[in-house]
Each structure stands twice: as structure tokens, then as C-alpha cells.
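This report refers to the structure that appears directly beneath it.
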Amino acid sequence: MTQPHQLNALLDTLLQQCQPLYVEGKVADYIPVLSQVEPEQVGIAVATLDGTVYSAGAATQAFSLQSVSKIFALVMAMNRIGDELWQRVNMEPSGQPFNSIVQLEWEKGIPRNPVINAGAILVSDVLVSHYSASKSAFLTFIRRLCGEEAIYADPQVYLSELEHGNRNAALAYLMKSFGNIDAEVPQVLEQYFHQCATAINCEQLARSLLFLANRGVQPHNNEQICSRRDAHRVNAILSTSGMYDQSGEFAFKVGLPAKSGVGGAIIAIVPQFGVITAWSPPLNRFGNSVVAMQLISLLADELGLSLF
Ligand code: GLU
């Protein structure tokens with residue numbers, strides 16, 4: 001096994017090696033505020049189950065959580081309504097872009113899975129309908145998981161999404177027309193955009209997701225965050241659907257449950273070992289960070305982390 005000082009050195013080396021690839025991607029601009037982020041920034045953190053965090057580069061620089069927030073919301077919804085959730089959302093890969101509308105029409109308002117936009121909006125509906133003060137419940141949940149009060153929802157990102165969220169509104173109204181959204185759509189969208197606007201850094205994000213690498217138990221305080229079965233289910237969904245329409249390729253190359261967001265973050269869960277978070281804003285045509293993907297791929301290869 002790699003020794004701690006070797007892991008820090010390895011992260012540094014890989015970061016130097018991958019950073020120049022940022023020119024191959026493009027920072028998301030369909031949410032205008034996101035396009036203002038400096039494209040050359042790169043950070044990586046590895047949190048292990050014993051509580052150690054290894055990192056390199058801009059690992060304490062906050063970024064926009066975006067779709068990685070779908071994991072936290074999903075766990076909260078599973079905890080609140082259990083198996084009822086799976087009557088309203090499926091667990092299959094979509095084979096479509098993350099914000100696609102066509103499939104939702106064909107499949108009568110039942111989203112393919114909870115980590116594409118339609119599915120995540122449905123999950124937000126569950127939170128709005130089953131938690132009082134659901135926006136602060138979401139933030140409280142992440143703060144508790146990473147043990148830091150500093151995590152917040154960036155108001156500028158939130159407003160930018162709200163102003164440019166017509167496609168997400170379309171998804172929500174379409175599901176509502178099929179009777180698959182309970183609360184009022186504007187309220188559901190506010191919840192969803194608020195989650196996506198969470199500002200967090202690589203180290204905090206890696207630490208907060210450790211329970212998924214540890215059968216549902218957060219290692220620093222032994223708190224059961226979700227059941228072992230639900231931790232398994234989240235990892236299964238991330239393995240098949242977490243990397244947008246490149247999930248198959250990611251499983252093929254890397255072999256870890258992972259989730260990416262248009263803010264440029266990618267997290268990968270390594271069961272019984274820990275969590276990797278890499279961040280670099282420029283995205284490839286699928287919406288995955290070019291540098292973060294390459295970093296995680298090389299690190300997993302170097303340490304032999306693949307599950308398969
Ligand atoms: N807030 C973004 C959206 O709804 C999240 C997309 C993503 O990160 O995949 O379009």
C-alpha cells in the first residue's frame with residue numbers, strides 16, 4: 001500500500017501532469033455565473049476511512065457543487081420516503097444528455113434515474129414535500145457530514161440558475177402534468193437550484209461522502225447516515241449513470257462509482273478505502289471535467305482501485 005507521504009507526492013505529480021489538459025475543455029456558460037471561473041485551477045483530495053485527507057493544488061478553493069449535490073439530496077429522500085421513491089423514479093442509465101426532455105415524454109413523466117436533471121428535480125420535490133425548511137435541511141445535512149459550518153449556497157449562482165433555468169422548469173412542469181410532482185413547481189425549482197449552488201471545496205466534499213465508501217456509516221463519528229442497502233444502491237446508480245452519457249466509458253476505464261457536475265467537480269467512491277474528489281472547470285462535450293476525469297483515471301490506475 002502507498003504510504004501517506006507517497007500519496008501526497010503522487011497527487012502532486014499527477015496534478016502537474018494533467019493540469020495542461022484544461023485547454024481541451026470549455027467552462028460551462030449556460031449558467032452565466034459559472035463562466036466567470038478561472039479555467040486553469042485544479043484541485044484534488046483523497047479522504048480515507050481513517051480520517052486522513054491527502055490533497056494537491058487548489059483543494060481548498062470553493063467551487064459550485066452543481067450535479068454532485070444530487071447525491072446528498074438522493075440520500076435525504078431515500079431516508080425520508082424509502083422504497084416509495086422507486087415508484088416515481090427509475091434506476092436505469094438514460095443514454096441521453098442530462099437535461100434531455102424527449103425520454104421523459106415517452107416514459108410518462110417517470111425519470112430514468114435520480115441523477116439526471118429530471119430525476120433530481122423529482123428528488124427535490126420529495127425534499128420540499130417531506131422536510132420543513134427543506135433548503136436549510138439540505139445545507140445542515142452537508143455541514144454535518146463534513147463537520148464544517150462554512151458550507152453555503154452561493155446566492156449569485158442560485159440567482160443565475162433561477163434566471164436561466166427554463167429547461168429545468170420544462171422538465172418539472174412535464175412531470176407535474178403526469179402527476180409525478182407534488183409541490184408547486186417554482187418551489188421545487190428553488191430547492192433544486194439551491195442545492196446545485198452549494199459552494200464547497202475538494203477536501204470538504206471528499207470527507208462528506210465517506211459514508212458511501214463505508215456501508216452507510218460516517219467514519220469520523222460512526223453515525224449511520226443511510227442503510228447499508230441504500231449506500232449500495234447509490235453506488236450502483238453512480239456506477240451506471242453518474243458520469244452523464246460517458247458513464248459506460250468511465251466504468252470501462254476506471255471502474256468506480258462516480259458523479260460529476262458542470263461546476264467541474266468529479267467524485268469517485270472507493271468502497272472500503274475512501275473518496276476521491278477532483279476539480280477543474282473546463283468540461284468535455286459530455287459535461288465532464290477533462291482534467292478531473294484524467295486525474296481520477298490515472299490515480300485509480302496507479303493505486304489499483306478499480307472494483308472490477
Ligand atoms: N444546475 C445544473 C442544471 O440543472 C446542474 C447540471 C449538472 O451539473 O449536471 O443544469
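Keep in mind that this is a model prediction, so the values were computed, not measured. Any value given below was found using the heavy atoms of this structure, including those in side chains, with hydrogens, waters and symmetry copies removed. Numbering of ligands and ligand atoms starts at 1, following listing order.
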Verify same cluster id: Met293, Leu256 (apolar side-chain graph, 4.5 Å): yes
Listed once per pair and sorted, the salt bridge (Lys or Arg N to Asp or Glu O under 4.0 Å) pairs that draw on residues 68-90, sequence neighbours left out: Asp83-Arg229, Asp83-Arg233, Arg88-Asp125, Arg88-Asp182
Could you list each nitrogen or oxygen of ligand 1 that sits under 3.5 Å from a protein nitrogen or oxygen, with the atom names and the distance?
{"residue": "ligand 1", "atom": "1 (N)", "partner": "Gln66", "partner atom": "OE1", "Å": "2.6"}
{"residue": "ligand 1", "atom": "1 (N)", "partner": "Glu161", "partner atom": "OE1", "Å": "2.6"}
{"residue": "ligand 1", "atom": "1 (N)", "partner": "Glu161", "partner atom": "OE2", "Å": "3.4"}
{"residue": "ligand 1", "atom": "4 (O)", "partner": "Asn117", "partner atom": "ND2", "Å": "3.1"}
{"residue": "ligand 1", "atom": "4 (O)", "partner": "Asn168", "partner atom": "ND2", "Å": "2.9"}
{"residue": "ligand 1", "atom": "4 (O)", "partner": "Tyr192", "partner atom": "OH", "Å": "2.7"}
{"residue": "ligand 1", "atom": "8 (O)", "partner": "Ser67", "partner atom": "N", "Å": "3.0"}
{"residue": "ligand 1", "atom": "8 (O)", "partner": "Ser67", "partner atom": "OG", "Å": "2.9"}
{"residue": "ligand 1", "atom": "8 (O)", "partner": "Tyr244", "partner atom": "OH", "Å": "3.2"}
{"residue": "ligand 1", "atom": "8 (O)", "partner": "Val262", "partner atom": "N", "Å": "2.8"}
{"residue": "ligand 1", "atom": "9 (O)", "partner": "Ser67", "partner atom": "OG", "Å": "2.5"}
{"residue": "ligand 1", "atom": "9 (O)", "partner": "Tyr244", "partner atom": "OH", "Å": "2.4"}
{"residue": "ligand 1", "atom": "10 (O)", "partner": "Tyr30", "partner atom": "OH", "Å": "2.6"}
{"residue": "ligand 1", "atom": "10 (O)", "partner": "Asn117", "partner atom": "ND2", "Å": "3.3"}

Quick one: salt bridge (Lys or Arg N to Asp or Glu O under 4.0 Å) pairs with a partner in residues 202-228, sequence neighbours left out? Arg144-Glu223, Glu148-Arg207
Is the ring pair Phe98/Tyr244 parallel, tilted or perpendicular, if the boundaries are 30 and 60 degrees? tilted
Can you run down the salt bridge (Lys or Arg N to Asp or Glu O under 4.0 Å) pairs that involve residues 274-299, sequence neighbours left out, and say none if there aren't any? none
What is the minimum heavy-atom distance between Pro281 and Val37, and which atoms define it? CG-CG1, 3.6 Å
